[in-house]
Amino acid sequence: PAFENDSSLITLNQRDSPQENGVQTNQYSSISPPASPVAQDEPFSTYFEEKVPIPESPNQVFSFRKLWAFTGPGFLMSIAYLDPGNIESDLQSGAKAGFKLLWVLLLATIIGLLLQRLAARLGVVTGMHLAEVCNRQYPTVPRIILWLMVELAIIGSDMQEVIGCAIALNLLSVGRIPLWAGVLITITDTFVFLFLDKYGLRKLEAFFGFLITVMAISFGYEYVLVKPDQGELLKGMFVPYCAGCGPVQLEQAVGIVGAVIMPHNIYLHSALVKSREVDRKNKKEVKEANKYFFIESSIALFVSFLINVFVVAVFAQAFYNKSNMEVNAECNATGSPHTDLFPLNNGTLEVDIYKGGVVLGCFFGPAALYIWAIGILAAGQSSTMTGTYSGQFVMEGFLNLRWSRFARVLLTRSIAITPTLLVAIFQDVQHLTGMNDFLNPILQKLPFALIPILTFTSLTSIMNDFANGLMWKISGGIVILVVCAINMYFVVVYVTSLNSVLLYVLSSLLSIAYLCFVGYLAWHCLIALGVSCLDFCSRVRNRPAVLIEEQSEYDS
């Protein structure tokens, strides 16, 4: 293959490999993950114990029955576009820039769809998810570093999701459930819900569909209640311009991209598509699966985009350019107990998930507050469940874990929840705005998902006839370059706001290490994209590899 691996050498001789049903087969089509000699004979299965059968539909260009059979993974994936971090980014976008940044949200969602397409294709064609492919293709040290970076991103994301649930419970209980108790409740019910797939994978997917429906109804209710200006909404969505915008709006635009496209979601989607019965030796079936998964992902992300638009539009219409004095007066008039959240000054209103619910309650009544909290609870609960799945796929793939299901859930939950619980104990619900500012740089790990997915989907030695074409390679490279630049800008903005020489030095050292590793991944990616002049160490080769028995002779 393109990369050699210390623990497992996967090789391919495309000229000698057999043809089955018009698709060239190789060892990538049948191998199990590397394991100990004792475990190698055991069949390796996806995390989900059952696979959904696909109905036959001969000579049909499109079948709704088939689309329904493939429906599920895309909606689970789309949850990451609706987590509390995204909702907070949406409401801040509306409050700070009105409708002017909706086009950024639209563009970020389209970019996300293209990246999710690559993730789904990798899982369908190879039968392995991204973490498993990374485990086989990268050397040991880069592989461990990559795993740690992805785990760090998952932990940061999970903290936002669990805190979102805790805030929602606090709002629903009128402050009776403290933040730390909300975190414990979220941990408990997440464990319960995660075992729903024991009753059938389709039931689990239906449960996630129910949570998305709850979000759509909750935030849709707020949208109907506020009645945003439809003309301004359409103008903001389709006119890529931000009149009168400054550094605040620019930072918010960058935040939208960083919140929408999550690195662990690429790993998640490449694993979820393995839950469908697809004969990877049959080129027609693989092609068909890619088509239906792309359609399903498009529908799922369209729904998630509408829900995000609801939130942006509500805060753009009702609270754009509102001052703290105006909000304080309104909350006083309605007898809200949260008036002290808004100081008596003419500063522009700053909102987060908690203050957003309070402000809605002050202006539109208690029902608006409780319905908002229900929507946040559904967003937090669903995203923390998919975050746990992501953590297990990542750990299972990178480390080749063959533990029991309960042990894997317990370990991945503990890693992500422990820092969250500590934060909840020592922070009160009114002072969590700074927490997202701290977590956002941690979440800027997109290169560690985007570069590998473009690398592996561009290699014919892995993807055969389904490798990226020239247009996909060029557009994918440009998209990844832009997204990574945006994320680096976000990190630089945060670091420069710290106002500490010691933190500057520490951040500079970490940034150098970060950029060196990104450069290493980019070097591999460029060789996979066809820039053969960079292959000066004979470590990466975009060519059919020799057979295992010939490898030692080749190396010598």
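The first residue in the sequence is number 1, and the count goes up from there.
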Nearest atoms (heavy-atom pairs only) where [X] meets [Y]:
X      : Y      : value
Pro343 : Asn324 : O-CB, 3.1 Å
Pro447 : Val518 : CB-CG2, 4.0 Å
Ala318 : Val226 : CB-CG1, 4.1 Å
Val273 : Ala120 : CG2-O, 3.7 Å
Ser304 : Leu82  : O-CD2, 3.5 Å
Tyr267 : Cys134 : OH-SG, 4.3 Å

Looking at [options], which hits side chain to side chain contact (heavy atoms under 4.5 Å, CB included) with [X]?
X      : options                      : answer
Ile167 : Asp352, Ile376, Leu179       : Leu179
Asn328 : Leu344, Leu341, Asp340       : Leu344
Asn86  : Leu91, Val311, Val260, Ile79 : Val260

Can you tell if the side chain of [X] reaches within under 4.5 Å of the side chain of [Y], non-hydrogen atoms only?
X      : Y      : result
Ser297 : His269 : yes
Leu146 : Phe517 : yes
Ile212 : Ile307 : yes

Measure the acute angle between the ring planes of His129 and Phe393, then classify it against the limits of 30° and 60° as parallel, tilted or perpendicular. tilted
Can you label the angle between the Tyr354 ring and the His338 ring as parallel, tilted or perpendicular, going by 30° and 60°? perpendicular
N/O donor-acceptor pairs under 3.5 Å from side chains in residues 105-115, not counting sequence neighbours:
{"from": "Thr109", "atom 1": "OG1", "to": "Leu105", "atom 2": "O", "distance (Å)": "2.8"}

Looking just at side-chain N and O atoms, do Thr384 and Asp158 make a donor-acceptor pair shorter than 3.5 Å? yes
Any donor-acceptor pair under 3.5 Å linking the side-chain atoms of Glu232 with those of Tyr320?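 The criterion, which ignores hydrogens and geometry beyond distance, is not satisfied for Glu232 and Tyr320.
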Centre-to-centre under 6.0 Å for Tyr292 and Phe70, is that the case here?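 Yes, close enough.
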Phe315/Trp372 aromatic ring centres below 6.0 Å: yes
Run the numbers on Lys274 and Glu132 for salt bridge (charged side-chain N to carboxylate O under 4.0 Å, His left out), then give the verdict. CA-CA 12 Å; Lys274 293 169 59 178; Glu132 291 174 313; 3.1 Å; yes
